[in-house]
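Atom set for the values below is all heavy atoms of this structure, side chains included, hydrogens, waters and symmetry mates excluded. Predicted model, so just to flag it, every value in this text is computed and none were measured. Here is the naming used below: chain letters follow the sequence lines, and residue numbers restart at 1 for every chain.
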Amino acid sequence: MSQISSPLLSKRDGAVSDGANLTFYHGVTAGLPVALGYIPIAITFGLLANAAGVPNHVSIMMSLLVFAGASQFVGVSLLAAGVTHWEIVLTTFILNLRHFLMTASVSQRIRQGTSKKTLALTAFGVTDETFTVASLRREPELSPAFVLGLNMVAFSAWNIGTWIGVFLGAGLPASLQASMGIALYAMFIGLLIPSMRDSRAVLLISLLAAGIHSLLQWLPPLHGLSTGWTIIITTVLAATAGALFYPERSDT
Amino acid sequence: MDYSLLLVVLGMALVTYIPRMLPLVLLRDIKLSPFLNRFLKYIPYAAIGALIFPGMLTSTGSTASALAGGLVSIALAFYRLNLMLVVLGGIAGVYAWNMLI
């Protein structure tokens with residue numbers, strides 16, 4: 001990556017180009033690795049949503065309007081499990097609370113004086129990955145144009161991948177589709193296991209969550225609880241336990 | 001056309017956008033406590049753990065085939081293979097179990 005760092009030269013607000021500072025184009029370039037990583041995941045999302053019986057236009061709208069991998073995979077799996085609609089929205093909300101952290105952190109880096117409208121637009125594209133790329137830049141200050149370029153290329157890749165996946169899924173033979181029920185779970189396993197290897201806290205928290213959730217699902221007195229609620233309760237309990245028992249940590 | 005599904009998507013879009021937007025637009029100087037910080041950071045791992053288990057066991061029609069596929073995925077994920085391969089391996093595991101047993 002080329003480092004163009006002269007934050008003192010430009011203090012103007014603008015969504016397009018900022019002369020001496022990082023431009024939209026720099027953002028696009030910085031976002032290319034994210035885009036490359038997103039396409040296969042988005043194809044997977046399209047395939048899985050299709051296999052789970054979610055109508056294609058719903059999956060496509062999700063990628064356009066939600067643009068959050070974890071929320072979308074979870075949303076599709078809850079839809080497939082027949083969870084009540086507002087419980088899906090509530091679960092998505094809890095899952096997305098962590099974005100408070102990321103945008104709070106990004107907000108410290110975006111140039112002072114940026115208009116609220118521009119900030120509202122940059123906020124839409126903040127994901128785990130674009131956040132990581134933006135926050136690892138060496139420049140102390142980031143232009144909104146740079147962040148918009150980064151977000152835009154990631155967003156485009158995510159949506160193109162979704163279309164490809166949705167239409168590939170429609171062509172799968174029925175014998176294979178029967179085995180696709182495992183796909184979402186395999187996807188979650190693929191996301192979780194590498195983090196479990198890296199962090200003892202993540203390992204214990206996710207195992208604890210699996211344990212609590214099994215209890216909530218299997219214990220007879222709790223059978224009245226729907227899956228949407230048991231997931232919400234489990235998530236809050238296990239994350240609280242993690243925050244309590246792992247007080248001083250820096251790794252993820 | 002199922003409008004209630006589109007409402008779910010709109011609801012999801014709203015609750016995804018709000019936590020992204022608020023700190024940037026309204027709360028630029030917010031400082032979260034370290035406890036809250038860790039709590040928010042751990043939420044995705046807790047949620048994914050709860051989503052996998054025990055739901056995975058009933059995802060394929062038989063617990064045994066689900067376990068076979070799950071174990072293949074765990075093995076592939078342990079060696080940090082590409083996500084697509086982890087998913088394909090899981091499907092192949094279920095498919096193979098159903099064919100062979």
* Kindly give the heavy-atom pair with the smallest separation between B:Pro44 and A:Leu95, and that separation in Å. => CA-CD1, 4.2 Å
* To do: May I ask you to name which of A:Ala120, A:Ala68, A:Ala241, A:Ser77 has the most heavy-atom pairs under 4.5 Å with chain B?
  => A:Ala120
* Decide yes or no on side-chain contact (heavy atoms from CB on, under 4.5 Å) for B:Leu6 and A:His57, but give the supporting numbers first. => CA-CA 9 Å; B:Leu6 290 182; A:His57 67 273; 4.0 Å; yes
* To do: Please lay out, stage by stage, how B:Ile43 and A:Asn96 fare under the test side-chain contact (heavy atoms from CB on, under 4.5 Å).
  => CA-CA 9 Å; B:Ile43 277 183; A:Asn96 281 307; over 6 Å; no
* **Interface moiety of A:Ala70 toward chain B, non-hydrogen atoms closer than 4.5 Å** => neither
* Show the numbers, then the answer: is there a side-chain contact (heavy atoms from CB on, under 4.5 Å) between A:Leu192 and B:Tyr45? => CA-CA 7 Å; A:Leu192 190 56; B:Tyr45 305 108; 3.8 Å; yes
* With a 4.5 angstrom heavy-atom cut-off, could you sort out which part of A:Leu78 is near chain B: side chain, backbone, both or neither? => side chain
* Asked: chain A: which of B:Ile48, B:Leu81, B:Leu88, B:Leu36 shares the most heavy-atom pairs with it under 4.5 Å?
  -> B:Ile48
* To do: Measure the spacing between CG of B:Leu40 and CG of A:Leu97 and express it to the nearest 0.5 Å.
  => 6.0 Å
* First locate atom CD1 of A:Ile189, then atom CZ of B:Phe53, and finally report the distance between them rounded to the nearest 0.5 Å. => 10.0 Å
* **For A:Val66 against B:Arg20, the heavy-atom pair lying closest together** => O-NH1, 3.3 Å
* To do: With a 4.5 Å cut-off on heavy-atom pairs, point out which of A:Ile88, A:Ile232, A:Leu237, A:Val126 contacts chain B the most.
  => A:Val126
* Test side-chain contact (heavy atoms from CB on, under 4.5 Å) on B:Phe35 and A:Thr240 and set out the steps. => CA-CA 9 Å; B:Phe35 177 84; A:Thr240 307; 4.2 Å; yes
* Asked: Atom OH in A:Tyr185, atom CG in B:Leu57: separation rounded to 0.5 Å?
  -> 9.0 Å
* **Selection from A:Ala80, A:Pro55, A:Gly190 maximising heavy-atom pairs under 4.5 Å formed with chain B** => A:Gly190
* **Pairwise distance CD1(A:Ile205) to CZ(B:Arg38) - rounded to 0.5 angstrom** => 10.0 Å
* **side chain to side chain contact (heavy atoms under 4.5 Å, CB included), paired with B:Leu24, selected from A:Thr114, A:Leu119, A:Val147** => A:Leu119
* Pick whichever of B:Leu10, B:Leu14, B:Thr16, B:Leu5 has the most heavy-atom pairs under 4.5 Å with chain A. => B:Thr16
* **Over all atoms of both residues, closest heavy-atom pair of A:Thr235 and B:Ala47** => OG1-CA, 3.5 Å
* To do: Name the region of A:Leu90, side chain, backbone, both or neither, that has any atom closer than 4.5 Å to a heavy atom of chain B.
  => neither
* Asked: B:Thr58 versus chain A, heavy atoms under 4.5 Å apart: side chain, backbone, both or neither?
  -> neither
Which donor-acceptor pairs under 3.5 Å do side chains of residues 64-78 of chain B form with protein atoms, sequence neighbours excluded?
from    : atom 1 : to      : atom 2 : distance (Å)
B:Ser65 : OG     : B:Thr60 : OG1    : 2.8
B:Ser65 : OG     : B:Ser62 : O      : 3.1
B:Ser65 : OG     : B:Ser62 : OG     : 2.9
B:Ser73 : OG     : B:Gly69 : O      : 3.4
B:Ser73 : OG     : B:Val86 : O      : 3.2

* Asked: Which pair of non-hydrogen atoms, one from A:Phe188 and one from B:Ile52, has the smallest distance, and what is that distance?
  -> CB-CG1, 3.6 Å
* Structure fact -> In this structure, CD1 of A:Ile231 is separated from CG of B:Leu51 (nearest 0.5 Å) by 4.0 Å
* Asked: Angle class for the A:Phe124/B:Tyr17 ring planes (parallel below 30°, perpendicular above 60°, tilted otherwise)?
  -> tilted
* To do: Might you point out which heavy atoms bring A:Ala183 and B:Ile91 nearest each other, and give the distance in Å?
  => CB-CD1, 3.9 Å
* Hey, does the side chain of A:His85 reach the backbone of B:Val8 with a donor-acceptor pair shorter than 3.5 angstrom? -> no
* Calculate, to the nearest 0.5 Å, the distance between atoms CD1 and OH belonging to A:Ile182 and B:Tyr95 respectively. => 16.0 Å
* Can you tell which part of B:Leu85 gets under 4.5 Å to a heavy atom of chain A, answering side chain, backbone, both or neither? => neither
* Most heavy-atom pairs under 4.5 angstrom with chain A, which of B:Pro54, B:Gly55, B:Ala13? -> B:Pro54
* Asked: Which atom names give the shortest non-hydrogen contact between B:Met12 and A:Met62, and what distance separates them?
  -> SD-CE, 3.9 Å
